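Following: one structure in structure tokens, then a few remarks.
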Amino acid sequence: MRRRPSALYYMSWLIIAIILLLAVFGGMLKPKGISEADRIEYRQHQIEGKTRYETPPFPPDSNFLLGTDHRGFDLLSLLLNGLKYTLAIIITLTTLRILFAIPWGLWVGVSGKGFRLLRSMNFVVSSAPAFLFVYPPLATLYFGLGMDTVGEANGYSVMLFNVLYFIMFTIFGVIPLAYQMAERAQYYNDKQYVEISRIMGGSLLHRMVRHILPNMRLELLFAGLSEFVQVTFLMGQLAVFKIMIGGTDLLQWGDPEPESMNGSVELFYIPRSGEWSSMLAYGLNYVRLYPWIMISVAAGLFLLILSVQMLINQLKKRFRGENEQLNL
Amino acid sequence: VLNLKSFAKWGFTALLICVGIFLISHISQAFLSYAPDQIELKVGHGVSLEGIASQLPGASVANEKKSILYVPYGRVDEYKMMASKLSLVKKVKHVELEKAQISLPYYWFNIKREFNHYLHGDFGSVRSPSGTWETPIAEAMKGMLERSLTYFVPALLFALCSALILSLLASLRRGIGKVLDSIHTVLVAMPDFLLTTLLTFASIYCYKLTGTRLFHVAAAGDIVPFMIPFITISLTPGVLIYGTLRIAIQREIGQDYVHTAKAKGMSRVDVLLSHVLRNIVEDLLAVMPRATNLALTSMVVAEAFCDIFGLGGIIVSPKLLGINAMPSACFVMVIIAVLFHGVYSLLRKRFVVRIREGINP
């Protein structure tokens with residue numbers, strides 16, 4: 001029997017709705033502008049009767065609640081503006097994983113073909129941390145295409161890197177998810193009603209679509225939400241390792257003349273859009289000098305994950321009574 | 001316990017992952033941003049390009065007007081170095097392609113070359129942050145491994161023990177359970193990089209305010225931070241193990257044998273320790289591989305944050321590690337992960353009783 005929803009259940013949905021609304025309208029709600037006109041070179045204040053000049057980044061105060069970046073842009077405004085890009089990337093990656101994993105897992109689970117292969121692949125992939133598979137190719141390509149060096153990365157290279165980023169994220173997420181789906185599909189496939197459908201002439205596709213998939217809807221929901229959390233974690237970790245999706249809206253920070261810095265200038269990407277993983281990578285460069293940058297972004301990601309995790313918990317509580325056989 | 005089949009299975013898995021990492025970590029070699037068989041020279045007026053080509057074995061003139069030479073395939077860097085040493089050559093550079101290309105022959109060429117290096121014992125090199133020294137990774141590995149394992153193994157053990165104790169405590173008292181479960185819900189969403197940032201932040205501000213050093217935040221000289229990696233490594237797997245054990249204990253507490261034991265007069269503590277504990281070993285051993293993977297990832301994050309010259313920190317530091325050495329560093333991490341997984345698998349075989357219902361058709 002389905003349990004009566006608690007106040008927390010509604011609250012968790014409300015938080016998700018607020019996050020989605022912030023993603024959609026964050027650009028309009030942001031308290032300060034993030035265009036070139038809003039750039040702050042310095043600000044002056046009086047100390048013991050003397051005028052002092054202070055250059056950004058400014059620490060959090062009543063004017064800038066989360067502080068500013070090196071351009072004097074308000075971090076809260078950047079985060080509000082960047083949420084939609086971050087969510088779009090995470091949701092795209094999660095959707096890609098699900099789109100490939102569900103048909104594959106269902107087909108393997110129902111037909112029984114390729115189950116051993118999928119199990120072996122899952123065994124191999126889950127035997128080592130995911131980042132060991134994802135980081136080396138992305139890092140070598142990132143540095144190989146010169147995306148860390150002034151002037152070397154062009155639009156085509158950025159596009160190549162982005163494609164590989166999506167492919168790597170998808171491949172190493174699809175295999176465990178497909179295996180999980182295959183196991184569940186196999187479980188439902190052994191049920192009597194599916195067997196009867198088969199005897200009565202129901203095709204493989206018919207059994208998958210009409211009998212197994214509807215029974216797995218809750219599991220799919222949980223799998224989708226869990227994948228969302230995993231993708232967010234991995235994206236954040238890769239950003240800490242300075243691997244993030246580049247974009248045309250990334251600004252070059254520092255001296256553009258390589259000769260002036262012994263021939264090598266590292267780019268400090270400061271995302272104009274405020275995309276969170278790029279902000280995280282940028283914040284890490286100054287974690288000991290200006291910790292508020294890193295803390296603001298990491299706390300934002302933490303709250304995002306916490307909200308989804310809370311929804312998962314509440315959904316589990318709500319539906320546990322309905323279907324005890326679910327592997328929740 | 002240790003049979004040949006298990007040993008072969010885990011050995012093959014480690015080999016397969018290493019080969020996979022080797023192949024995909026060189027994927028950048030499939031992307032060409034410059035011609036793999038040409039170099040462009042800047043020479044003085046009236047200097048013959050043919051003459052220069054004759055001094056470089058295997059080189060020939062490709063374009064006299066643009067001063068481009070053909071060099072043996074894939075040896076552009078080597079020939080750039082050779083050409084730059086010639087007195088008549090002012091500058092040597094790559095011949096840039098209009099846009100990057102995907103080239104499988106170039107990828108395969110580099111794979112074969114790297115494999116040859118490996119066969120000759122060259123697994124890449126590690127540089128110092130200042131670039132003052134460079135040493136083969138095989139030599140540096142011992143120190144790196146020792147440094148990383150100093151906090152990795154204790155942290156993993158601490159995570160395991162604390163999660164086990166806390167999950168048992170939470171099952172003993174409903175009040176404690178509620179508090180611990182609430183903390184668990186928050187911590188499960190805590191990314192390791194946020195934890196490391198907060199610890200760094202706490203340490204810096206504690207020192208600024210009180211003059212007391214909580215713990216070292218960065219490696220410097222012989223000082224290697226211990227507490228930040230230790231806490232970061234133990235938290236994520238600890239939270240995962242706690243969650244799993246909590247569910248497992250709750251499941252077991254509802255079983256008939258627990259009711260019987262209680263009815264016979266056994267206390268809750270005795271039931272948990274004598275009956276429930278041995279029945280949750282399977283859940284514990286099932287979650288440990290994932291917990292170990294999480295611990296390894298957290299170790300890399302912590303080492304990257306604290307600039308530790310360890311196994312994980314070195315992988316994610318392009319300043320320290322040449323691209324050719326990255327797979328070698330990854331291989332060692334894979335071997336560690338697979339070794340731990342193998343041990344869990346053996347423990348599962350030893351301690352978990354498998355029951356089969358009915359006869360399989």
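The model shown is predicted, which means the values in this text are computed figures rather than measured ones. Lettering of chains follows the sequences in order, A, B, ..., and the numbering in each one begins at 1. Below, all heavy atoms of this structure are taken into account, side chains as well, without hydrogens, waters or symmetry copies.
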Quick check: closest heavy atoms across [X] and [Y], and the distance to 0.1 Å?
| X | Y | value |
| --- | --- | --- |
| B:I21 | A:F133 | CG1-CD2, 4.2 Å |
| B:F193 | A:F233 | CE2-O, 4.2 Å |
| B:H341 | A:S126 | CE1-O, 3.3 Å |
| B:V217 | A:R288 | O-NH2, 3.6 Å |
| B:A337 | A:S127 | CB-O, 3.5 Å |

[X] portion near chain A, given a 4.5 angstrom heavy-atom threshold:
| X | answer |
| --- | --- |
| B:F305 | both |
| B:T185 | both |
| B:I204 | side chain |

Residue from B:I336, B:L23, B:T197 scoring the most non-hydrogen pairs under 4.5 Å with chain A is B:T197
Quick check on the interface: out of B:P191, B:C330, B:G20, who has the most heavy-atom pairs with chain A under 4.5 Å?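 Sorted descending by pairs with chain A, the first entry is B:P191.
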Below 4.5 Å, heavy-atom pairs only: which of A:L280, A:V125, A:L164 has the largest tally toward chain B? A:L280
Name the member of A:G283, A:S120, A:A298, A:P137 that forms the most heavy-atom pairs with chain B at distances under 4.5 Å. A:P137
Side chain / backbone / both / neither for A:V240 at chain B, heavy atoms under 4.5 Å: side chain
If I measure from the heavy atoms of chain B, does A:M310 come under 4.5 Å with its side chain, its backbone, both, or neither? neither
Is there side-chain contact between [X] and [Y], with at least one heavy-atom pair below 4.5 Å?
| X | Y | answer |
| --- | --- | --- |
| B:F201 | A:V287 | no |
| A:L301 | B:L194 | no |
| A:F131 | B:V301 | no |

Taking everything shown except B:R290 itself, do over 12 heavy atoms lie less than 6.0 Å from its CZ?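 No - once you tally the heavy atoms of other residues, nucleotides and ligands closer than 6.0 Å, there are 12 at most.
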Kindly compute the distance separating [atom1] ([X]) from [atom2] ([Y]), expressed to the nearest 0.5 Å.
| X | Y | atom1 | atom2 | answer |
| --- | --- | --- | --- | --- |
| B:T297 | A:L234 | OG1 | CG | 8.5 Å |
| B:L198 | A:M294 | CG | CE | 9.5 Å |
| B:N293 | A:L132 | CG | CG | 8.5 Å |
| B:M190 | A:Q309 | CE | CD | 13.0 Å |
| A:F123 | B:T13 | CZ | OG1 | 4.0 Å |
| B:D181 | A:N313 | CG | CG | 9.5 Å |

